[in-house]
Amino acid sequence: MLSLNYIREHQQEVIDRLAIKNFNGKEVIQKIVLLDDQRRETQKKLDDLQAQGNVLAKEIGLLFQSGKSAEATLLKEQTAELKEKAKSLDQSFEEIKKELDEVLVRVPNLPHPSVPTGKTPDDNLVVSQEGEIVPVAATAVPHWDLTTKYDLIDFITGNKITGAGFPLYKGKGARLQRALINFFLEEALKAGYQEVQPPYMVNAASAYATGQLPDKDAQMYHVGLDDMYLIPTAEVPVTNIYRDTILKAQELPVRNVAYSACFRREAGSYGKDVRGLNRLHQFDKVEIVQIAHPDHSYDVLEEMKAYVTGLLRKLGLPFRVLKLCGGDMSFTSALTYDMEVWSSAQARWLEVSSVSNFETFQSNRMKLRFRDENGKMNMPHTLNGSALALPRIVAALLENNQAPDGIRIPPALVPYTGFDMIS
RNA sequence: GGAGAGAUGGCAGAGUGGUCGAUUGCGGCGGUCUUGAAAACCGUUGACCUGCAAGGGUCCGGGGGUUCGAAUCCCUCUCUCUCCGCCA
């Protein structure tokens with residue numbers, strides 16, 4: 001979340017920048033400042049009362065020790081009064097704090113100054129494009145037919161076992177999944193990331209910290225009996241490793257990579273968007289997460305973008321990079337690049353990665369700090385990106401590499417698959 | 001799942017009703033000594049809120065209670081450890 005001090009000192013700027021995210025912040029910001037004023041005022045009164053009480057308690061103790069119990073008893077009566085006052089004050093203090101927090105936690109992150117204005121994905125800015133977009137061959141088959149033809153993925157049985165959006169991978173389809181996961185992990189290790197294996201379920205505190213709660217709870221599967229959430233991305237558990245911690249400046253940047261299955265309810269989707277591998281309830285993803293010094297976080301973001309595009313290049317997939325417009329950005333992000341691969345048989349771009357800088361938004365929520373070069377407390381920036389999400393990569397690989405005799409596996413992947421053709 | 005023990009600062013570990021935000025050791029930081037380092041010695045070393053500052057307030061796993069006063073007593077929750085049971 002945004003820091004209170006920043007909001008107080010830059011009210012108009014905050015409102016203006018939130019507008020780029022199509023968030024009308026005028027009333028909310030005013031309310032926040034008002035509540036915070038009340039909070040400070042109440043706290044001052046409360047502190048004064050408590051200070052008085054502390055003095056009295058000390059005096060009473062001394063009086064008792066020196067045997068002047070009559071005087072002590074007299075003072076005790078004063079304390080009762082103080083306590084009465086403090087009690088009601090404390091109650092309103094807690095109420096104010098709660099209300100302030102509830103409002104504050106729903107304010108999105110401020111977009112970076114370079115974020116383009118816009119409301120829909122059409123307003124995203126194409127930063128770069130690479131690779132040959134081959135015209136769709138008349139014989140080109142979409143991946144959902146290819147997976148059936150070569151018996152790679154069984155959507156019907158997955159549906160029987162669980163439901164729509166839970167595919168069953170089989171044979172070379174399953175092996176391709178495993179190969180991609182390994183390929184992505186090994187590449188990340190070479191690039192200096194440390195591998196971690198996080199839990200697939202998180203508690204509410206973790207989901208709050210990265211920004212999935214309170215507003216996006218409907219997008220997560222919730223295990224009610226134990227009040228846990230299935231992770232929508234490894235970002236949640238991996239970033240939460242550092243919740244409530246104080247890092248040293250020399251520990252930055254922290255670079256973690258994790259493979260996990262991801263679970264998304266994605267209520268409300270329909271049509272061709274959800275066909276085949278385009279949108280699933282359970283999918284595999286390798287995620288990179290960095291915690292960076294605020295001075296360098298945008299260099300880190302560029303480095304992560306370059307890393308992800310490097311992966312796409314190695315897989316031989318045509319891709320483009322988008323800088324998301326304000327309206328298409330996530331609640332928590334300050335700047336996001338999306339990577340899309342060209343799916344030749346569907347003749348459309350498929351989002352396969354999203355790389356974001358959250359600046360201090362998550363750090364602030366999760367009380368992640370670091371001691372800077374001067375020994376001062378400071379908040380680091382958190383960043384993450386998919387590197388990469390599997391299903392749409394598989395879709396593009398199948399569609400783009402199809403030939404009459406089967407599907408070619410990109411050379412970079414062959415050491416991991418153990419086969420170079422699917423036929 | 002059953003029984004017992006415990007949760008204190010970066011770590012270890014004292015503290016069982018008042019001057020305890022907390023003894024001490026290790027670690028960290030600064031210094032003396034040294035060509036340099038080590039050792040030794042000296043000093044320093046928690047976080048948060050509030051305030052221009054001085055200061056004030058809060059925090060000893062979380063929440064609640066008793067008391068003029070709680071790290072210390074009571075209730076409750078969570079977690080950890082030991083033993084037993086079960087088990088990939």
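- Counted by atom type alone, A:S206 and A:N203 present one or more donor-acceptor pairs between their side chains at under 3.5 Å.
- Each of A:T382, A:T336, A:N384 was scored for a side chain to side chain donor-acceptor pair (under 3.5 Å) with A:S356, with one residue passing: A:T336.
- Closest to the A:T79 side chain, of the nucleotides B:C49, B:C48, B:C68, is B:C68.
- A straight line from CE of A:M228 to P of B:U78 spans 12 Å, rounded to a whole angstrom.
- The C1' atoms of B:U19 and B:U72 are separated by 16 Å, rounded to the nearest whole Å.
- Taking 4.0 angstrom as the limit, A:N54 places a side-chain polar atom (N or O) nearer than this to OP1 or OP2 of B:G57.
- For a distance-only test at 3.5 Å, the side chain of A:D47 fails to qualify as a donor-acceptor partner of the base of B:G57.
- Comparing B:C75 with B:C83, their P atoms sit 28 Å apart, to the nearest whole Å.
- Remark: A:N240 CG to A:Q362 CD distance equals 8.5 Å, nearest 0.5 Å.
- Under the 30°/60° scheme for interplanar angles, the aromatic rings of A:F166 and A:H281 are found to be tilted.
- The distance between atom CG of A:L49 and atom P of B:G56, rounded to the nearest whole Å, is 16 Å.
- Using a 4.0 Å heavy-atom criterion, one finds that A:D48 contacts no nucleic acid atom at all.
- B:A3 and B:C77: their P atoms are spaced 14 Å apart (whole Å).
- Using C1' as the reference atom, B:C87 and B:U16 are 42 Å apart when rounded to the nearest Å.
- Annotation: B:A38 and B:G31 have their P atoms spaced 13 Å apart (nearest Å).
- In this structure, A:K367 does not reach the B:A47 phosphate: none of its side-chain N or O atoms is under 4.0 Å from OP1 or OP2.
- Remark: P of B:G61 and CG of A:D244 are 15 Å apart, rounded to the nearest angstrom.
- In RNA chain B, runs of at least 3 stacked Watson-Crick or G-U pairs (N1-N3 plus N6-O4 or O6-N4, or N1-O2 plus O6-N3, all under 3.5 Å) give these stems: B:1-7 with B:78-84, B:10-12 with B:24-26, B:27-32 with B:40-45, B:46-50 with B:55-59, B:61-65 with B:73-77.
- In this structure, of B:U67, B:U19, B:U50, it is B:U67 that holds the atom nearest to the side chain of A:K83.
- Side chain of A:R371, nearest nucleotide from B:U58, B:G56, B:G46: B:G46.
- Backbone-only engagement by A:Q50 is indicated by non-hydrogen atom pairs under 4.0 Å involving sugar-phosphate atoms exclusively.
- Here the side chains of A:L397 and A:I407 are not in contact, with every heavy-atom distance at 4.5 Å or above.
- For the P atom pair drawn from B:G25 and B:U45, the interatomic distance equals 14 Å after rounding to whole Å.
- Taking every side-chain heavy atom of A:A57 into account, B:G18 is the closest of B:G18, B:A47, B:G56.
- Ion pairing of A:K85 with A:D48 is absent here, as no side-chain N (NZ or NE/NH1/NH2) approaches a carboxylate O to less than 4.0 Å.
- Comparing B:G30 with B:C81, their C1' atoms are spaced 40 Å from each other, to the whole Å.
- Taking the side chain as every heavy atom from C-beta outward, A:P294 and A:E359 never approach each other to under 4.5 Å.
- Both A:R40 and A:V55 sit near RNA chain B, but only A:R40 has its closest nucleotide nearer the 5' end.
- If you measure from atom CG of A:N378 to atom P of B:C48, you get 11 Å, rounded to the nearest angstrom.
- Atom pair A:R243:CZ and B:A47:P shows a separation of 21 Å (rounding to whole Å applied).
- Computed from coordinates, the A:L100 CG to B:C49 C1' distance equals 13 Å when rounded to whole Å.
- With distances taken from any side-chain atom of A:R369 to the nucleotides B:C48, B:G57, B:C49, the minimum falls on B:C48.
- Here B:G51 presents its P atom at 12 Å from CG of A:L4, a figure rounded to the nearest Å.
- Using a 30° and 60° split on the angle between ring planes, A:H381 and A:Y298 fall in the perpendicular class, above 60°.
- Among A:L180, A:L388, A:V257, the one residue that satisfies the side-chain contact (heavy atoms from CB on, under 4.5 Å) test with A:V286 is A:V257.
- Residue whose closest nucleotide on RNA chain B sits further toward the 5' end, between A:K87 and A:G53: A:K87.
- The gap from the C1' atom of B:C41 to that of B:A5 amounts to 42 Å, rounded to the nearest Å.
- In this structure, A:L89 places its CG atom 15 Å from C1' of B:U58, rounding to the nearest Å.
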